[in-house]
Amino acid sequence: MNRVNLFLLSVFTCVGWRGECLAGNDPGLSSANELQEWTLEKQETEQVTFRLADTLLKLRPLTNNAVRVIRSMGIAHEVPELVYLPKKVPDYVLKKEKDGYILSLKNLNVRFSVSDGRISFFSSGGKEIVGEEASLIESSSVQGEKTYVSTQTFHSPFDECLYGLGQFQDGYLNVRGLTRRLTQVNTQIAIPFVMSNKGYGLLWNNYGLTDFNPASSVVALQKTGLGGNKVTVNVTSTEGGKEEVRESNVFVGKLKVESDGQYALMLDVGSVMARRHNLAIDGHTVVDMNNLWLPPTVSILVDLKAGEHNLRAELTNEDAPRVYFRKVDETTIFRSPVSNGIDYTFFAGTADEVIASYREATGEVPMLPAWALGYIHCRERFHSQKEILETASEFRRKKLPVDLMVQDWQYWGKYGWNAMRFDETDYPAPREMTDSLHRMGMRLMLSVWSKVDQNSVLGKRLAAKSYYIPGTPWVDFFNPEAASFYWKNFRDSLVLPIGIDAWWLDATEPENDDLVGRRVNHSTFPGEVFRNVYPLVVNKTIYEGLRGLSTDEGKQRDSISRTILLTRSGFPGIQQYGVATWSGDVGNDWDTFRRQIVAGLGISVCGLPWWTYDAGGFFRPGDAQYTDAHFHERFSRWLQTSVFLPLMRVHGYMTNTEFWNYGDKVTDMARKSLELRYRLLPYIYSEAACVSLGNGTMLRPLMMDFPQDTQALSLKYQYMFGRSLLVSPIVEEGPVVWKTYLPAVQGGWYDFHDNQYMSTGWIQTSVSPDYIPVFVKAGTVLPLSSGYAENAQKALKSDLEIRVYAGTDGAYQLYEDEGTDYNYQKGGYSCIRLFWDDAHSILIIGKRSGQYEGMEPVRNLKIVKIALSSDVKSNVTEKSVVYKGEELKIAF
């Protein structure tokens, strides 16, 4: 069925987009007067409104390349605006056409057909980018209150690639055609946004559950009684660590499809959290993942022949699995079962233009402190003040660089879960602990939860004021009074008196999908209305509280300084609150490692730039990990890849994660990885400035830089780290050589480690146990620190090495600032423009622009030119210069 007929079918079936189907009538026999035309109701500065019967369509220009589309039949729940920021409306022109209207922005044209209500999006040059196929709004209910089920279908050709939707564990980078359920859960972060290689992005604006490409066909699997294997495991929980007995069972069913083709399947285990994802079709396993925690759903794409197929799933005994399925076609669909109607924003342009516009509409990214970009050391968990300080001292003694020590949960001891105080039995002087770390050139991050023990002193105060989400231990951050009360206790108990530098806001989903069936904000709203947005309001509360500290309050915590909020969940708009995410409580095997890379690329393309994982995995192989050579190899590859992630962090459940516990070989490997991270910090920090000041993206799926390269689009594990480095992680055990695909670029590529010149296409490199393959684009001007640095501030202030990779012209902007405050927002930073003139073999170091407190007026620079040559020994030339802020020209 072609797109126009499909679209008209939806109109005939649900007249006037009312969502009230014509019972008993053949949709093909609907009379002409039922198909009324839309009329222009009002044109205002901020929006254009059209009407058809009781349905309104609003077009709201947001930026020069973005427009928000809202279709509604009425407001079921008056929800606050949590995602979009108030901004100056861009200039637009509305023009009447024969069959509708065109709304023109500088870089986008939006065409609206008054006869069928369909919207199409065009470039400023008139080329169609994508169009709607059908819109449907149906009346429904939630907790006995009126709501709407809203569905929007877009055209999607088979050669399209779509990226995004957040962080998922199913291993798919290209999500086109995939059926996914967008919910927040440990290891899964739902961001209802996709970006296309066709030059656009779509943000679906709904705070509740959203189904992406929902499947209406479903098979309920039946328990057989087979299996029965029992295992006792140690797990984390909202009550702390505990043992859990898990028993397996086999479930079976039959799936029938009418025609050959590719099908999207979604296995829903029927539990709040899964322990295993397993499904076989006709004896062939299509998914098999084990972890102590997994999301309740997993998505799969499979090719099936017409007819009946046998399904078999080995899951846990208490599961009630169902398999949803649909044939993949030329559509992309968003559906929300709890909504006020259809609400989405269309962004036109390249990947970087889309993300820039997305952040302009939903919030730009503040600079993280420089020390957050160094090494972050964590374990589950430090048990005392003495233990954390001894570990920090050992890092310094062994000359292993580190910036941030992390105190995980249960430091509250006898006072109860998240009581916002240290148990003095093991932490007798928390302020002295942070001061001691500061004297060592380190910072402290503390784990704080949005749940509080109801029997604690703080919990009883929260309960007395009805500040909990009823029936749960989670604070109701949708209630402004509850959020304010939580922040004030947070400030007075932890922020002001102890001098802690960074905050780990754990389990901000909240865990166990606890908003379902609950009421929030004095029981004003069903929890389902806000089901996915809890992490946004939690992080907003803490960040705005920290930024709102008065000068006097700030002095009590050393200064009004930049912070970082590490949080386990996210939502559109959360990027404006100094937030970084990580991939949650994952395992440590090779398949899990591969899936984390894909998960990180999926969330990064959604405009959330700061992401990492638990290097080495959270759940590890017990005491065997310290001597198991196979785990050591996996751990090494996790760690070496984390050098090229926005944040570099190690963590591990019931594990002393310090490298020296694994022996000299692992320690030596770790030292090389840490030293490389700190060598790269001038580049990483300049890329961080590009994120905050230029709306850039550091962790880049290849689609962002090579959208027309079909081979690059098919690769899931290679990615760009910043604008210059292509990273090719080793994701298998024991390879001798490693294949990497190098997309076509002007001048070719260089091996970062040995300077060997590479052309383009598939290449092979020998494998080292000490590092992973990384390649540099010709024309790159790459700033590096020189010498050993124990922390980020020293690395950024050290003498610099400027590497120039010849082969084409290139430019780079070196960014520097004080590193720990917000003065950069008032212009307190400097930039040095570096330009490589390849034809004349000259590097031009521009005059420094700007200044900041503590700026080094003179810098010693080593300039290294790496030329096109197959002879590694002869292609490197070095020169040393002293830079005093004035333009220099270095000729080779």
> Any side-chain heavy-atom pair from Thr345 and Val67 closer than 4.5 angstrom?
Replying inline: no
> Does the pair Asp170/Arg180 count as a salt bridge with the N-to-O cut at 4.0 Å?
Replying inline: yes
>> Strictly below 4.0 Å, N to O, side chains only: are Asp501 and Arg443 in salt-bridge contact?
In response: yes
> Does any N or O in the side chain of Ser456 come within less than 3.5 Å of the main-chain N or O of Gly459, such that one atom is a donor and the other an acceptor?
Replying inline: yes
> Would a 4.5 Å heavy-atom cut-off, applied to side chains only, mark Glu509 and Pro535 as touching?
Replying inline: no
>> Once salt bridge (Lys or Arg N to Asp or Glu O under 4.0 Å) is applied, what residue pairs with a partner in residues 452-477 remain, sequence neighbours excluded?
In response: none
>> I'd like to know if Arg649 pairs up with Asp614 as an ion pair, taking the criterion as any Lys NZ or Arg NE/NH1/NH2 lying under 4.0 Å from an Asp or Glu carboxylate oxygen.
In response: yes
> Does the side chain of Asn539 come within less than 4.5 Å of Leu505's, by heavy atoms?
Replying inline: yes
>> I'd like to know if Asp492 and Lys488 make a salt bridge, using a cut-off of under 4.0 Å between side-chain N and carboxylate O.
In response: no
> Going by heavy atoms in the side chains, are His77 and Val142 under 4.5 Å from each other?
Replying inline: yes
> Can you list every pair that meets salt bridge (Lys or Arg N to Asp or Glu O under 4.0 Å) and has a residue in residues 536-546, with sequence neighbours left out?
Replying inline: Lys540-Glu544
>> With side-chain contact (heavy atoms from CB on, under 4.5 Å) as the criterion, how do Leu546 and Val495 come out once you've worked through the C-alpha distance, each side chain's angles and the decisive distance to 0.1 Å?
In response: CA-CA 8 Å; Leu546 292 168; Val495 176; 3.9 Å; yes
> Among pairs that include at least one residue of residues 354-365, which meet salt bridge (Lys or Arg N to Asp or Glu O under 4.0 Å), considering only residues two or more places apart or in two chains?
Replying inline: none
> Does the separation of the ring centres of Phe525 and Phe478 fall below 6.0 angstrom?
Replying inline: no
> By ring pair (Phe, Tyr, Trp, His ring centres under 6.0 Å), which residues pair with Tyr468, not counting sequence neighbours?
Replying inline: none
>> Can you confirm whether Phe530 sits close enough to Val520 that some side-chain heavy atom of one is under 4.5 Å from a side-chain heavy atom of the other?
In response: yes
> Just one of Phe346, Tyr344, Tyr84 clears the side chain to side chain contact (heavy atoms under 4.5 Å, CB included) bar with Arg68, so which one?
Replying inline: Tyr84
> Does the side chain of Ile70 come within less than 4.5 Å of Leu57's, by heavy atoms?
Replying inline: no
> Is Arg181 salt-bridged to Asp211, cutoff N-O under 4.0 Å?
Replying inline: yes
> In terms of heavy-atom contacts, does NZ of Lys414 have more than 12 from other residues, nucleotides or ligands at under 6.0 Å?
Replying inline: yes
> So, are Arg519 and Glu145 salt-bridged, with charged N and O less than 4.0 Å apart?
Replying inline: yes
> Among Thr183, Thr210, Asp513, which one satisfies side chain to side chain donor-acceptor pair (under 3.5 Å) with Arg531?
Replying inline: Asp513
>> Check whether Tyr822 forms a cation-pi arrangement with Arg547 (NZ or CZ under 6.0 Å from the six-membered ring centre, at most 45° off the ring normal).
In response: yes
> How are the rings of Trp611 and Tyr613 set to each other: parallel, tilted or perpendicular (split at 30° and 60°)?
Replying inline: perpendicular
> With ring centroids as reference points, do Trp487 and Phe490 lie under 6.0 angstrom apart?
Replying inline: yes
> Can you find a heavy atom in the side chain of Ile189 that is under 4.5 Å from one in the side chain of Thr581?
Replying inline: yes
>> Run the ring pair (Phe, Tyr, Trp, His ring centres under 6.0 Å) test against Trp204 and tell me which residues pass, sequence neighbours left out.
In response: Phe334
> Can Arg71 and Asp343 be said to form a salt bridge (Lys or Arg N to Asp or Glu O under 4.0 Å), step by step?
Replying inline: CA-CA 7 Å; Arg71 297 184 189 266; Asp343 187 347; over 6 Å; no
> Mind checking what makes ring pair (Phe, Tyr, Trp, His ring centres under 6.0 Å) contact with Trp610, not counting sequence neighbours?
Replying inline: none
> Are Trp417 and Trp449 an aromatic pair by the rule of ring centers under 6.0 Å?
Replying inline: yes
>> Using side-chain heavy atoms (C-beta onward) and a distance below 4.5 Å, is Leu608 in contact with Ile574?
In response: yes
